[in-house]
Peer 1: 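Just dropping this structure here.
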Amino acid sequence: MIKPSDNLIAVARTIKDASLLEVYVYDEPDSNLFVHHDIILPSFPLAVEWLDYDPTEETGNYVALGSMNPTIDIWDLDLIDSLEPVFTLGTKQSKKKSKKKGSVLGHSDAVLDLAWNRQSRNVLASASADFTVGLWDLTEAKAVSSIRKHEEKVQCVKWHPAEQQTLLTGSFDSTVRLFDCRDAGYNHKTWSFAGSEIERVVWNHYNPYFFYASTDKGNVYYVDVRYDKPIYTISAHTAAVSGLVLSSSIEHMLVTSSSDQTVKVWDVKDNEPKHIVTKDLKLGEIMCALPCPDSPFVFAFGGQGNMKVWDIRQSAEVKSYFKTGEAFNICLEDHGGNKSNDEEDDDVLIKKTKGLKIKHPKKKGKKKMKDKKDKKKSKDKKKDSSL
């Protein structure tokens, strides 16, 4: 039985020739994680996005799945033993038609990422290997717009946490672009990170003038949308940064994961990033990361053939750092089922990072940023989390 205090995690995975969508239940007080039910998928999954929009009811419990196909399947998570999606966005085109990139609304190649708009709940954005970004109306189950500004595969998309028309995208063409989707062809801004493919983008939901972007070179950039240069750059990992998330309710906690098989926790207070801890979760190359919307210290990670949930309070470094109030005025309390550091699993390696590099822009630009920041200091802070 699923309890009101439980969290659900939708996980898409492939085992040999079989692809599955598994619905996990995470019971935080007892530290239990188990599969509630699974769904057999028709194609290799690449992107998962939860949404609650139901055109026939007030709310629902759905997952949008992108795959190697140019279509997007919508599955109802409340149905057990589902044989087919509730509906599908887009159509498979013939090989002859698909050679022309972005020639019609919808996609002609694999769907690499998805983002549900929490402000306009009937809108879904998709990133594709056909170099385009698709905008979909879930009520009509059809594409309403196609953005063709990137010159390579579009790797990631993320809606602004407060402005329903504002979309952030990242691409293999080394650029991050910001679109006003009311007129995306005219109203957009571009940041270039030469020589790097963009892996992930995420808005700072505590101050939505800012966003983070990660690359295949292991760097993380922090950008103010009002300026052309990043505020700072972190040399975070030795390989692609495939997971980039902020804590759901701790303002300055950033968590990154990478193909170098490690997860790192950062304190980014006052634009002075500080590394707290590195962990090897024994997952191999880590593909994605996700924060728990209800627990600021709980994160889920997907790796090569498996996934894990990590409560970072199990780390002595994190526990000590936050408990002293050095970073935040927060007191950590263990739930009854959580392990202390002495009881931590032997298969988890904790180590400090060496050679951490943090790059700041020139002082002139930094001072200008500080002045702007002071003017915006009284802005309300917003929260956001998604699966």
Side-chain angles (χ1 to χ4, degrees), residues 12 45-51 53 63-67 70-74 89-90 101-102 105-138 143-185 187-191 193 197-205 208 210-216 221 223 225 241-246 287-290 384-387:
L46 296 175
V48 182
E49 179 77 346
W50 180 83
L51 53 96
Y53 179 73
V63 155
L65 272 172
S67 68
T71 56
I72 302 167
D73 291 334
I74 310 296
L89 301 173
K101 303 289 184 182
L105 290 181
H107 294 302
S108 59
D109 209 333
V111 177
L112 304 180
D113 196 23
L114 296 164
W116 174 52
N117 192 323
R118 293 172 178 268
Q119 311 299 321
S120 295
R121 294 172 52 248
N122 65 311
V123 177
L124 182 73
S126 58
S128 176
D130 66 5
F131 305 2
T132 70
V133 174
L135 300 180
W136 305 83
D137 184 348
L138 297 174
V144 294
S145 181
S146 184
I147 301 174
R148 304 178 176 89
K149 289 297 181 180
H150 284 290
E151 298 175 357
E152 253 292 352
K153 297 177 180 66
V154 186
Q155 173 83 336
C156 49
V157 285
K158 191 69 69 175
W159 288 104
H160 193 277
E163 299 176 359
Q164 62 184 4
Q165 76 278 5
T166 304
L167 182 67
L168 198 62
T169 66
S171 171
F172 285 13
D173 64 9
S174 303
T175 66
V176 172
R177 296 178 186 262
L178 180 66
F179 294 98
D180 182 336
C181 292
R182 293 172 296 187
D183 189 358
N187 294 321
H188 63 274
K189 183 174 181 177
T190 304
W191 293 266
F193 304 95
E197 296 176 355
I198 305 302
E199 291 286 332
R200 290 285 183 266
V201 292
V202 62
W203 288 100
N204 182 350
H205 47 270
F210 300 85
F211 69 85
Y212 290 91
S214 66
T215 72
D216 65 327
Y221 298 92
V223 181
V225 298
V241 181
S242 53
L244 183 67
V245 292
L246 288 163
M287 311 298 181
C288 56
L290 185 72
D384 178 57
S385 60
S386 61
L387 179 61

Peer 1: With a 4.5 Å heavy-atom cut-off, do Leu246 and Tyr212 have their side chains touching?
Peer 2: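 Yes. Closest side-chain heavy atoms under 4.5 Å.
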Peer 1: Testing the basics here: between Trp159 and Trp203, what is the closest heavy-atom pair and its distance to 0.1 Å?
Peer 2: O-CD1, 3.1 Å
Peer 1: Check step by step if side-chain contact (heavy atoms from CB on, under 4.5 Å) holds for Leu112 and Val154.
Peer 2: CA-CA 7 Å; Leu112 304 180; Val154 186; over 6 Å; no
Peer 1: Which atom pair, heavy atoms only, marks the closest approach of Ile74 to Ala64?
Peer 2: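 Nearest pair, atom of Ile74 first, then Ala64: CD1-CB, 3.5 Å.
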Peer 1: Taking atom CD of Glu151 as the centre, does the number of heavy atoms from other residues, nucleotides or ligands within less than 6.0 Å exceed 12?
Peer 2: no
Peer 1: Show your reasoning for whether side-chain contact (heavy atoms from CB on, under 4.5 Å) applies to Thr132 and His107.
Peer 2: CA-CA 7 Å; Thr132 70; His107 294 302; 3.1 Å; yes
Peer 1: Can you tell me which residue among Val123, Asp137, Val133, Leu135 is in a side chain to side chain contact (heavy atoms under 4.5 Å, CB included) with Ser145?
Peer 2: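 When side chain to side chain contact (heavy atoms under 4.5 Å, CB included) is applied between Ser145 and each of Val123, Asp137, Val133, Leu135, only Leu135 qualifies.
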Peer 1: So, using side-chain contact (heavy atoms from CB on, under 4.5 Å) as the criterion, who are the partners of Thr190 when residues are at least two apart?
Peer 2: Thr175, Arg177, His188
Peer 1: Are the side chain of Asp113 and the backbone N or O of Ala47 linked by a donor-acceptor pair below 3.5 Å?
Peer 2: no
Peer 1: Can you confirm whether Val202 sits close enough to Val245 that some side-chain heavy atom of one is under 4.5 Å from a side-chain heavy atom of the other?
Peer 2: no
Peer 1: Do Cys156 and Ile198 make a side-chain contact, defined as non-hydrogen atoms from C-beta onward lying under 4.5 Å apart?
Peer 2: yes
Peer 1: What pair of heavy atoms forms the shortest contact from His160 to Glu163, and how long is it?
Peer 2: ND1-N, 3.0 Å
Peer 1: Considering only heavy atoms from C-beta outward, does the side chain of Val225 approach that of Trp191 to under 4.5 Å?
Peer 2: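 Side chain of Val225 against side chain of Trp191, heavy atoms only: contact under 4.5 Å found.
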Peer 1: Please name the residue in the list Lys149, His150, Gln155 that meets the side chain to side chain contact (heavy atoms under 4.5 Å, CB included) test with Thr169.
Peer 2: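 It is His150; the other options fail the test.
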Peer 1: Compare every heavy atom of Leu114 with every heavy atom of Leu124, then report the nearest pair and how far apart it is.
Peer 2: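 Closest heavy-atom pair between Leu124 and Leu114: CD2-CD2, 4.3 Å.
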Peer 1: Can you name the closest pair of heavy atoms from Leu244 and Ser214 and give their distance?
Peer 2: CD2-N, 3.9 Å
Peer 1: Can you name the nearest heavy-atom pair linking Arg121 to Trp116, along with the distance?
Peer 2: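 Nearest heavy atoms, Arg121 then Trp116: O-NE1, 2.8 Å.
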Peer 1: Mind checking whether Phe211 and Lys158 have side chains closer than 4.5 Å, heavy atoms only?
Peer 2: no
Peer 1: List the residues meeting ring pair (Phe, Tyr, Trp, His ring centres under 6.0 Å) with Phe172, not counting sequence neighbours, and say none if there are none.
Peer 2: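 None.
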Peer 1: What's the separation between atom CG in Leu51 and atom CG in Asn117, rounded to the nearest 0.5 Å?
Peer 2: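 Answer rounded to 0.5 Å: 11.5 Å.
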